[in-house]
Amino acid sequence: MTNQEFQGVEEILARYKPTEAPADLLRRVEQRASYRRRPWRELLIAAMSAAAEVVLAVGIRGLITGTTVIVLLLVASKGY
Amino acid sequence: MTDSANQRVRTQGSRDTDPADIALAYRTHAAALYRYAIMLTADAAAAEDAIQQVFVKLAGRKGLTLPGVIEGFYLRRAVRNECYRILSQRRRESAQMDGDSILAPAAGGSVDHEEKAMIEGALRRLPPDQREVIHMKIYEQLTFQQIADQIGEPINTVAGRYRYGLEKLRQWLAAFQENRK
């Protein structure tokens with residue numbers, strides 16, 4: 001490979017540059033660094049999320065059970 | 001990278017690293033480190049992961065002093081290690097790269113999209129260590145000696161990687177230009 005060929009490739013590569021970091025990368029880094037400094041915060045969020053799931057599941061189940069009981073009572077009261 | 005540069009990273013007791021120091025280190029070095037990481041990994045998501053990991057680990061270190069935190073050599077070495085760790089993990093898991101663009105036009109004006117895509121593809125085909133040296137030589141304009149110091153390899157190895165990398169790129173570019181005619 002000659003020097004001229006080397007320079008040719010270098011010139012083509014020099015027409016471009018590596019892409020820049022996304023603008024919100026610093027925010028994400030700071031967020032993760034802050035979680036790392038305060039691991040309790042991550043635990044708290046995870047616990048709240050788990051609690052919310054349980055409440056939702058119990059609520060839905062209660063709603064279904066309640067509806068079923070009401071329907072059965074209505075059916076029974078009409079003497080069907 | 002010189003050993004003395006690494007040795008400048010000092011710790012002082014068990015005091016948490018000051019978040020302001022981390023922010024300063026990020027503002028000073030992150031843009032260049034990201035460009036380095038994206039060329040080394042040839043993958044935008046991997047580059048983001050590497051940068052995040054390094055700065056998050058930095059925040060978790062106890063008592064890192066400002067001269068150590070803002071020391072670019074230290075951060076470069078940390079990002080390099082993280083990039084190679086991610087690449088090795090992806091190889092083990094046979095994970096695909098995200099395919100996002102890794103190059104942008106250096107100056108305004110019209111872009112030859114076909115040529116750009118070809119160069120990106122060619123860079124992705126190169127081994128990471130050759131891409132790394134090409135990046136440091138062409139885009140950071142470092143000398144072979146400076147590159148050798150920073151990555152801790154002999155200068156002949158560095159020059160060899162550059163030469164082999166450019167030779168492969170030349171062949172692929174020649175084939176591309178031939179097919180275009």
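Letters A, B, ... are given to chains in the order of the sequence lines, protein chains preceding strands, and every chain is numbered from 1.
- Under a hydrophobic-cluster definition in which Ile, Leu, Val, Met, Phe, Trp and Tyr are linked whenever side-chain heavy atoms come within less than 4.5 Å, directly or via other members, Y164(B) and W172(B) are assigned to different clusters.
- With a 6.0 Å radius and a threshold of 12 heavy atoms from other residues, nucleotides or ligands, N3(A) has its CG atom at or below the threshold.
- No side-chain heavy atom of P18(A) sits under 4.5 Å from any side-chain heavy atom of Y36(B).
- A 4.5 Å side-chain heavy-atom check between R15(A) and I119(B) finds every atom pair outside the cut-off.
- With a 4.5 Å cut-off on non-hydrogen atoms, L103(B) touches chain A through its backbone and its side chain both.
- Proximity of E48(B) to R28(A): side-chain heavy atoms (C-beta onward) are separated by under 4.5 Å at one or more points.
- Proximity to chain A is limited to the side chain of I138(B), based on heavy atoms less than 4.5 angstrom apart.
- Hydrophobic clustering, with ILVMFWY side chains joined whenever heavy atoms are under 4.5 angstrom apart, groups L25(A) together with V79(B).
- Inter-residue side-chain proximity for L13(A) and L166(B) is flagged as met; some heavy-atom pair is nearer than 4.5 Å.
- Each of L72(A) and L63(A) belongs to its own hydrophobic cluster when Ile, Leu, Val, Met, Phe, Trp and Tyr are linked at side-chain heavy-atom distances under 4.5 angstrom.
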Test side-chain contact (heavy atoms from CB on, under 4.5 Å) on E115(B) and I12(A); report intermediate values, then the result. CA-CA 9 Å; E115(B) 181 191 76; I12(A) 291 173; 4.3 Å; yes
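- The two residues R163(B) and F6(A) have their closest heavy-atom pair at CG-CZ, 3.3 Å.
- When the salt bridge (Lys or Arg N to Asp or Glu O under 4.0 Å) test is applied to R170(B), the partners found at least two apart in sequence or on another chain are E5(A), E167(B).
- Contact tally against chain A (heavy-atom pairs below 4.5 Å) for I38(B), V54(B), I102(B): the top residue is I102(B).
- Between E20(A) and A31(B), the closest heavy-atom pair is OE1-CB, 4.4 Å.
- With Y139(B) contributing its side chain and A14(A) its backbone, the two residues share no donor-acceptor pair below 3.5 Å.
- At a 4.5 Å heavy-atom cutoff, the contact between K116(B) and chain A is made by backbone and side-chain atoms alike.
- In terms of hydrophobic clustering, with Ile, Leu, Val, Met, Phe, Trp and Tyr side chains grouped at heavy-atom distances under 4.5 Å, Y84(B) and I86(B) are assigned to different clusters.
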